[in-house]
Amino acid sequence: MKTLKIAIQKSGRLNEKSVELLKNCGLSFENYKSSLISPVSNFPLEILFLRDDDIPEYVQDGIADLGIVGENVIQETEVKVSYLQKLGFGKCSLKVAITNNSDIEQLSDLNGKSIATTYPVILGKFLQKNSIDADIRTISGSVEISPGLGLADAICDLVSTGGTLKSNGLKAFADVMSSEAVLIGRKGSENDILIQELIQRIQSVLRAKETKYVVLNAPSANLAEVLALLPGVKSPSVVPLAEEGWVAVHTVIPERDFWDRISQLKQAGAQGIVVMPIEKIIL
Ligand code: ATP
Ligand code: ZN
């Protein structure tokens, strides 16, 4: 039987979450920091640990069948791959940032300025789309210190919380793209049976992550009111309690809906509310 290969980041911001996702899919493998390749013992899959920048090309060229990488890296390397699934982690935005005391006020003020970045391809397209003629200075790292050193008037870099910008006297000025980790495959690979199975496992883990299993007790008299607040995957289960006139309601609910409704549930007489994590939801 054929063995698939999936490339994930060896170390860095996406490594831990990528490993966690694959483990949550029920895949069993060793995660030695020293190894470049790790076989999965209970699925025909091998995990390749690589620098994130190499992952899109490895997938395009068929050295790996699948990869987990930030959309920013895919766009920058301009490879032809299929986006199979957004993964909900590694969220960040590529932004143009300027110094706090900059005279740049609108996009057109970037004309004639220099912008330091490790993303020349994406920035180039952004500037072209906005008809801006600026000087792109491609550097390989520590972009945020370049305005302070007088190397550039602005930067274009990845931002998640904005803390790094702030501590370097910079402020976000324009959004270039937003990004998150995605599962990619070679063009056409979405038809492969093994890949489809892996995507289904990933989707069941992602669905479960957003959802909680909720159990609560409520007076039978208020059941209709409580149920109206709790849409289940299909329909909530209602179990009578030993105490006359009370029921337990079991349901599965998106976590954000739950927090919105908790005070209404209490008003409707719900008590002893237990919220539990779910491992997988298979539809
Ligand atoms: P490698 O050694 O694999 O080349 P790297 O230094 O290029 O690693 P990391 O800094 O680990 O990369 O970031 C990996 C990915 O994490 C980024 O490409 C991006 O998609 C995502 N990411 C999420 N938040 C941030 C952030 N605040 N800054 C940079 N990248 C972020
Ligand atoms: Zn990298």
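Position 1 is the first residue of the sequence, and the numbers go up from there. Order of appearance sets the numbers: ligands from 1, and atoms from 1 within every ligand.
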Which ligand 1 atoms are under 4.0 Å away from a heavy-atom of [X]?
X   : answer
L14 : 15 (C), 16 (O)
G90 : 21 (C), 23 (C)
G70 : 20 (O)
D53 : 4 (O), 7 (O)
V73 : 18 (O)
G12 : 11 (O)

Among all protein non-hydrogen atoms, which one is nearest to [atom], and what is the separation to 0.1 Å?
atom                    : value
atom 27 (N) of ligand 1 : S160 OG, 2.7 Å
atom 29 (C) of ligand 1 : R13 NH1, 3.3 Å
atom 2 (O) of ligand 1  : R51 NE, 3.5 Å
atom 1 (P) of ligand 1  : D52 OD1, 3.4 Å
atom 30 (N) of ligand 1 : L158 CD1, 3.2 Å

* Structure fact -> dist Y58:OH -> L66:CG (nearest 0.5 Å) comes out at 16.0 Å

Only heavy atoms count here, so choose which of [options] is nearest to [atom].
atom                    : options               : answer
atom 19 (C) of ligand 1 : T161, L165, N72       : N72
atom 21 (C) of ligand 1 : G163, C92, G162, S140 : C92
atom 5 (P) of ligand 1  : K10, E180, Q9         : Q9

* Asked: Which single N/O/S atom of D53 lies at minimum distance from the Zn ion (ligand 2)?
  -> OD1

* Check D52 and report its N/O/S atom nearest to the Zn ion (ligand 2), by atom name. => OD1

* To do: Could you please spell out the steps behind the side chain to side chain donor-acceptor pair (under 3.5 Å) verdict for E190 and S82?
  => CA-CA 8 Å; E190 50 273 32; S82 290; 3.3 Å; yes

* Asked: Is the closest basic N to carboxylate O distance between K2 and D192 below 4.0 Å?
  -> yes

* **Electrostatic pair K10:D54 at N-O distance under 4.0 angstrom** => no

* Do the numbers put K23 on top of the ring of F29, so that NZ or CZ is under 6.0 Å from the six-membered ring centre and no more than 45° off the axis? -> yes

* Asked: Take atom NZ in K171; do more than 12 heavy atoms of anything else shown fall under 6.0 Å from it?
  -> yes

* Asked: Do other residues, nucleotides or ligands put more than 12 heavy atoms under 6.0 Å from E279 CD?
  -> no

* Any donor and acceptor pair, going by atom type alone, linking the side chain of Q271 with main-chain N or O of N217 inside 3.5 Å? -> no

* Please determine which of K212, R207, R261 meets the salt bridge (Lys or Arg N to Asp or Glu O under 4.0 Å) test together with E255. => K212

* Structure fact -> side chain to side chain contact (heavy atoms under 4.5 Å, CB included) test vs L27 passes for just one of L198, I6, V19, namely L198

